[in-house]
Chemist: 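Once you've had a glance at the structure underneath, I'll fire off some questions.
Atoms considered below: every heavy atom in the structure, side chains included; atoms not considered: hydrogens, waters and symmetry mates. Note on naming: letters A, B, ... go to the chains in the order of the sequence lines (proteins, then strands), and numbering restarts at 1 for each one.
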There are 2 protein chains.
Amino acid sequence: MADEPEPVAKKSRAPSMHDVARLAGVSHQTVSRVINDAPNIRDETKQRVLDSMEQLQYRPNRAARALVTSRSRTIGILSASRTNYGPAASIQAIEDAANAAGYAVTTANIQGFESTSIVRAIDRLLDQAIEGLVVIAPQRRTFDTLAGMALRLPIVTLQSTGTDGDRSLSVDQIMGARLATRHLIELGHRSIYHLAGPQDWIEAEARMTGFLDEMNAQDMPTTAPFLGDWTAEFGYFAGRELLRVRDFTAIFAANDQMALGLMHAIRDARLDVPGDISIVGFDDIPDAAHFWPPLTTVRQDFAELGRRCVALLLGGLDAGEQYDGIIAPTLVVRGSTGPPLNR
Amino acid sequence: MADEPEPVAKKSRAPSMHDVARLAGVSHQTVSRVINDAPNIRDETKQRVLDSMEQLQYRPNRAARALVTSRSRTIGILSASRTNYGPAASIQAIEDAANAAGYAVTTANIQGFESTSIVRAIDRLLDQAIEGLVVIAPQRRTFDTLAGMALRLPIVTLQSTGTDGDRSLSVDQIMGARLATRHLIELGHRSIYHLAGPQDWIEAEARMTGFLDEMNAQDMPTTAPFLGDWTAEFGYFAGRELLRVRDFTAIFAANDQMALGLMHAIRDARLDVPGDISIVGFDDIPDAAHFWPPLTTVRQDFAELGRRCVALLLGGLDAGEQYDGIIAPTLVVRGSTGPPLNR
DNA sequence: CTCATCGTTGTTCACGTTCACAAGGGTGAG
DNA sequence: CTCACCCTTGTGAACGTGAACAACGATGAG
């Protein structure tokens, strides 16, 4: 354990500001000024510092900076089911935008359904000293828990909650659902089912609301929606159930995966889509155009959503921007819908 | 801007160890010992500290800890195309496992195809002072760039690179491809095409190798594989191209999305899957069971992969475990394959 | 020529934690 | 009774950075 020679490298430690300063023949504060490009530095000095940084492969120590400024420059994302296309695309976009703004991103996933799992996830984010929180694809319970924790953080949610406390930003799910429903009605369908998302999910509720709103607006009789779990698997079994009665000519599924499962069940019953039954989905995942038949669905611009989300979060608390936080979805008509022919 | 009263709260600052220490009537060091549960603390003292922490809602300051220990307890993930199911599932699993071990995770995404983009992504991770790096779904170029940067970090890649420098862990892509190919041969197919992934991708190469190996092993003639881009869209157009000649009875696609596109093109040509043409995919994404027809494919256990990945990274450098880093994939036979009937 | 001012750079401290070491009190052996 | 030792706790320094303030030289006005 005696002192070792260590000819060139002084320590195995990463170079610090002081090392750069020494090499450049200035004080560490001057180096700091160069890094944060403060005004009033002589060009020649600045260049010398930059050269030294380059030569030493210097990297600012984020922890030290965070300590002294008490700013972590980190954004937290709280999400559920991040293997689904929508959340994944949103996370991606948020991360890109955050990085561009010099922020890092950490994510935490809600594992189960109990609220302890939610608390744990938020705890992990708080441990990271996040400066802002984005909530993706949430369930109502998430918000209740969040509200109960009384966080002192800017929070943006990617789905409108209806509550006023936090700012939200979302694709207008209700309008999307109305577009889908109206499309079916205009094709001549009179008996339309809705295969909804799970109870308690904000998005599922909004889509269901949109469906019921439009049906009522057009004086159409409605039946109670089926509650699903977003998976193709569930769509398949729901389809088999529904086909026992078959008192409908169209189904609006709350997402593309369930629509896929539905179509599977319908084909199994030797019925035709859209001849016997029309199907509309929601999300426009990349695969939807190649389902059989290609799926009519509602497109959400996840990337745009992510970008605006970060802008909202980092743009500070400039209110007023709060209410253009709604992005209009568009209907994409493909082969899975048509007039109710075989009846 | 005058001083405000602030009756109760001394500062708006978060409570620190000293605050806890003062409240509990001990020194900050004792608090530190409680947090890191060091031995030799009287139970009564410990409890008093815990109570104070609870009362003040104390949270350790990660930045301060990182500064003094020079350990960030953060793992970096470098990924490409994280909206795809495979990478997304892997990231999820890695994050869960890392969190369980008390580590945080940051991800960086390779945006384009130039190596500057790769360098930038790694730079962002290094700014976070990551202690280990996981590389997911990489292209060869990623590794070249990585090697050029000579990082002093433990690196684990989720796909075998063939190079010895870094430790890798992977589903055995070659074996998976052989399973798929053998299945087609055993069904009686003699002319089989391979729709491969993009050039330069490790996984794509491995699957192609597996395909060619098995074909050669069984003395089957092979044609040059088609190179795709993983998307259903490409699969669709590739299918249209291939069907102009139609000198084959089966196609092995390098992933499920391309297989989906292929089946779309085949139906458009009024041909039957599997009657006219059999299709095998790769990945077993959750939707694959509900494609039409349900897709025969190769299942990879992404979750297991992620778990082992973190174990490998954090388990330190205990060599010897290095070579059980291969997870066997399994073939899942569904409706998209059958004997070549209509010929 | 003198003094104020501005542009540039340096000095010192604080952030919240862990580490190395020291100090205090109790216990047991001789 | 005394001393050594262990258990428990405290003290001071250090990590790398940014903020506040000070200091220095040059410049320009009077």
Chemist: Quick one: label Pro39(A) by what it contacts on the DNA or RNA (base, sugar-phosphate, nothing), any heavy atom closer than 4.0 Å.
Modeler: nothing
Chemist: Closer to the 5' end of DNA chain D via nearest nucleotide, is it Thr30(B) or Ser32(A)?
Modeler: Thr30(B)
Chemist: For the residue pair Val134(A) and Leu78(A), establish whether any side-chain heavy-atom pair is separated by less than 4.5 Å.
Modeler: no
Chemist: For dT8(D), take OP1 and OP2 only and decide whether either is under 4.0 Å from a side-chain N or O of Arg42(B).
Modeler: no
Chemist: Hey, does Ile35(A) reach any base, or is it just sugar-phosphate, or nothing, if we go heavy atoms under 4.0 Å?
Modeler: nothing
Chemist: Given dA19(D), is OP1 or OP2 found less than 4.0 Å from the side-chain N or O atoms of Thr69(A)?
Modeler: no
Chemist: Mind checking whether Gln128(B) and Ser72(B) have side chains closer than 4.5 Å, heavy atoms only?
Modeler: no
Chemist: Can a donor-acceptor pair be found between the side chains of Gln55(B) and Asp51(B) at a distance below 3.5 Å?
Modeler: no
Chemist: Can a side chain N or O of Asn61(B) be found less than 4.0 Å away from OP1 or OP2 on dT17(C)?
Modeler: no
Chemist: Look at Asn36(A) and dG18(D) and indicate whether a side-chain polar atom (N or O) is within less than 4.0 Å of OP1 or OP2.
Modeler: yes
Chemist: Heavy atoms from C-beta onward define the side chain here; which of dT11(D), dG10(C), dT17(C) lies closest to that of Val26(A)?
Modeler: dG10(C)
Chemist: Under 4.0 Å from OP1 or OP2 of dT9(D): is there any side-chain N or O of Thr45(B) that close?
Modeler: yes
Chemist: Rounding to a whole Å, what distance do you find between Ile41(A):CD1 and dT9(C):P?
Modeler: 7 Å
Chemist: So does His28(B) reach the base of dT18(C) with its side chain, donor to acceptor, closer than 3.5 Å?
Modeler: yes
Chemist: Quick one: Glu44(A) CD to dT9(C) P, roughly how many Å, whole number?
Modeler: 8 Å
Chemist: OP1 or OP2 of dT8(D) less than 4.0 angstrom from a side-chain nitrogen or oxygen of Arg33(B), does that happen here?
Modeler: no
Chemist: Which residue in the set Asn109(A), Thr106(A), Thr107(A) passes side-chain hydrogen bond (donor to acceptor under 3.5 Å, both in side chains) when paired with Glu95(B)?
Modeler: Thr107(A)
Chemist: With nearest nucleotides of DNA chain D determined for Ala64(B) and Asp43(B) from heavy-atom distances, which residue corresponds to the more 5′ nucleotide?
Modeler: Asp43(B)
Chemist: If I take atom CZ in residue Arg22(B) and atom C1' in nucleotide dT9(D), what distance separates them, rounded to the nearest angstrom?
Modeler: 18 Å
Chemist: Name the closest nucleotide to the Val68(B) side chain, picking from dT18(C), dT17(D), dT9(D).
Modeler: dT18(C)
Chemist: Look at Arg13(B) and dC15(C) and indicate whether a side-chain polar atom (N or O) is within less than 4.0 Å of OP1 or OP2.
Modeler: no
Chemist: Could you state the NE2-P distance from His18(B) to dG12(D), rounded to the nearest angstrom?
Modeler: 11 Å
Chemist: Can you check salt bridge (charged side-chain N to carboxylate O under 4.0 Å, His left out) on Glu114(A) and Arg141(A), steps first, answer last?
Modeler: CA-CA 9 Å; Glu114(A) 317 99 41; Arg141(A) 188 174 323 182; over 6 Å; no
Chemist: Leu67(B) has an atom CG; how far is it from atom P of dT18(C), in whole Å?
Modeler: 11 Å
Chemist: What is the distance from CG of Asp37(A) to P of dG18(D), rounded to the nearest Å?
Modeler: 12 Å
